[in-house]
2 protein chains.
Amino acid sequence: MPASPDHLSVTLNALADPTRRAILARLSLGETTVNDLAEPFDMSLPAVSKHLKVLEKAGLISRGREKQWRPCRLEPEPLKEVDMWLAKYRAMWEARLDRLEAYLTQLQAAADPPAPPVVTDKSDTQKDDRT
Amino acid sequence: MPASPDHLSVTLNALADPTRRAILARLSLGETTVNDLAEPFDMSLPAVSKHLKVLEKAGLISRGREKQWRPCRLEPEPLKEVDMWLAKYRAMWEARLDRLEAYLTQLQAAADPPAPPVVTDKSDTQKDDRT
DNA sequence: CGCGTACTTAACCGATAAGTTATTTAACAT
DNA sequence: ATGTTAAATAACTTATCGGTTAAGTACGCG
């Protein structure tokens with residue numbers, strides 16, 4: 001027993017493949033069949049079937065039963081989990097962008113000779129965060 | 001040549017491992033050394049070094065040089081990419097939650113004929129507004 | 001210099017992943 | 001019954017992953 005990995009890892013792993021993300025993108029337009037999903041890809045049907053199984057195990061899709069077709073449907077729940085994980089870091093890339101913006105503003109000010117010396121407030125652009 | 005995979009796949013793959021996510025979480029508290037990063041894990045130093053290389057190739061960390069140490073720093077840019085990809089689906093899970101809420105409300109109303117529906121809103125904890 | 005510390009690289013190994021072709025199951029149509 | 005279409009499963013190949021131990025590199029110091 002390989003000690004079942006956490007759900008988030010399973011989800012991220014499922015998403016870490018362009019084919020599978022393309023499948024999800026296609027499914028975001030609506031339910032469809034396996035053959036229909038497979039059509040745009042340059043690979044065999046069983047290969048697509050395997051990708052679908054990976055997505056299904058991650059809970060990213062579900063499969064119904066209608067006549068001889070097994071329509072796939074997008075299940076966005078796990079994406080929400082990913083988003084919640086990401087949220088913990090969102091402030092960071094935003095902060096970094098803010099710093100970049102401040103830096104650019106400062107450059108702009110420096111390149112503008114007659115203006116008053118806009119105090120280059122370094123305490124606001126350099127936040128060395130060591131606890 | 002395995003035809004270099006897209007950056008988003010590389011990033012998601014790097015994130016699809018609990019050890020690597022733990023390393024990022026640690027780095028979100030501040031820069032630190034490899035030995036320090038490795039300390040909490042029950043694996044050899046080279047194993048951690050490999051994980052760091054995966055994270056570095058995804059652009060999720062950068063490494064400096066200070067004396068004999070190679071401090072690692074979190075680089076949140078790629079996380080922003082993930083967020084941007086996720087954004088395309090955000091409306092979906094929110095819509096689905098809305099439907100669930102409506103369904104629950106309806107159940108509540110049906111089960112409770114005379115009283116006003118005392119909505120037990122468990123799903124009101126998300127206030128997510130990025131573009 | 002030589003030695004220790006910090007870390008990386010090399011070589012290897014078992015497990016898993018991603019693809020293939022061939023076979024099988026399931027549901028319908030004739 | 002037989003055949004057809006839709007899809008899954010089996011069996012196999014090859015490559016990558018995640019870990020190991022052992023050796024190598026880079027730096028600081030006495």
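Labels below follow one simple rule: chain letters A, B, ... track the order of the sequence lines, proteins then strands, and each chain is numbered from 1.
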In whole Å, what is the span from the [atom1] atom of [X] to the [atom2] atom of [N]?
X	N	atom1	atom2	result
Arg63(B)	dA6(C)	CZ	P	16 Å
Gln68(B)	dC27(D)	CD	P	10 Å
Arg70(A)	dA8(D)	CZ	P	6 Å
Leu45(A)	dT24(C)	CG	P	18 Å
Leu37(A)	dA7(D)	CG	P	9 Å
Leu52(A)	dA6(D)	CG	C1'	13 Å
Leu55(B)	dT8(C)	CG	P	12 Å
Met43(B)	dC17(D)	CE	P	16 Å

More than 12 heavy atoms of other residues, nucleotides or ligands under 6.0 Å from NZ of Lys57(B): is that the case?
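Result for NZ/Lys57(B): open.
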Atom NZ of Lys53(B) with >12 non-hydrogen neighbours under 6.0 angstrom:
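It does not: Lys53(B) NZ has 12 such atoms or fewer within range.
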Nearest nucleotide by nearest heavy atom, which residue falls closer to the 5' end of DNA chain C, Asn13(A) or Ser44(A)?
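With Ser44(A) and Asn13(A) compared, the 5'-side residue is Asn13(A).
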Could you tell me whether a side-chain N or O of Arg65(B) sits under 3.5 Å from a main-chain N or O of Arg63(B), the two making a donor and an acceptor?
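No; zero donor-acceptor contacts below 3.5 Å.
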Contact class for Thr19(B) vs. all strands (heavy atom < 4.0 Å): base, sugar-phosphate, or nothing?
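Thr19(B): no heavy atom of the nucleic acid under 4.0 Å.
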About how many Å separate OG of Ser62(A) and CD of Glu31(A), when rounded to the nearest 0.5 Å?
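Answer for the CD-OG pair, Glu31(A) versus Ser62(A), is 7.0 Å.
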Interatomic distance, Leu45(A) atom CG to Leu52(A) atom CG [nearest 0.5 angstrom]
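Spacing of CG (Leu45(A)) from CG (Leu52(A)) equals 9.0 Å.
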Looking only at the side chain of [X] (C-beta and beyond, no hydrogens), which of the listed nucleotides [options] gets closest?
X	options	answer
Trp69(B)	dA18(C), dT20(C), dC7(C)	dC7(C)
Ser49(B)	dA18(C), dT21(C), dT8(C)	dT8(C)
Arg65(B)	dT20(C), dA26(D), dA7(D)	dA26(D)
Lys53(A)	dT9(C), dT9(D), dG19(C)	dT9(D)
Lys50(A)	dA18(C), dA8(D), dT8(C)	dA18(C)
Arg20(B)	dC28(C), dG18(D), dT9(C)	dG18(D)

Using OP1 and OP2 only, check whether a side-chain N or O of His51(B) sits under 4.0 Å from dG19(D).
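His51(B) to dG19(D) OP1/OP2: side-chain N or O found under 4.0 Å.
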Check this one for me: any side-chain N or O of Asn35(B) less than 4.0 Å away from OP1 or OP2 of dT5(C)?
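No, because none of the side-chain N or O atoms of Asn35(B) sits under 4.0 Å from OP1 or OP2 of dT5(C).
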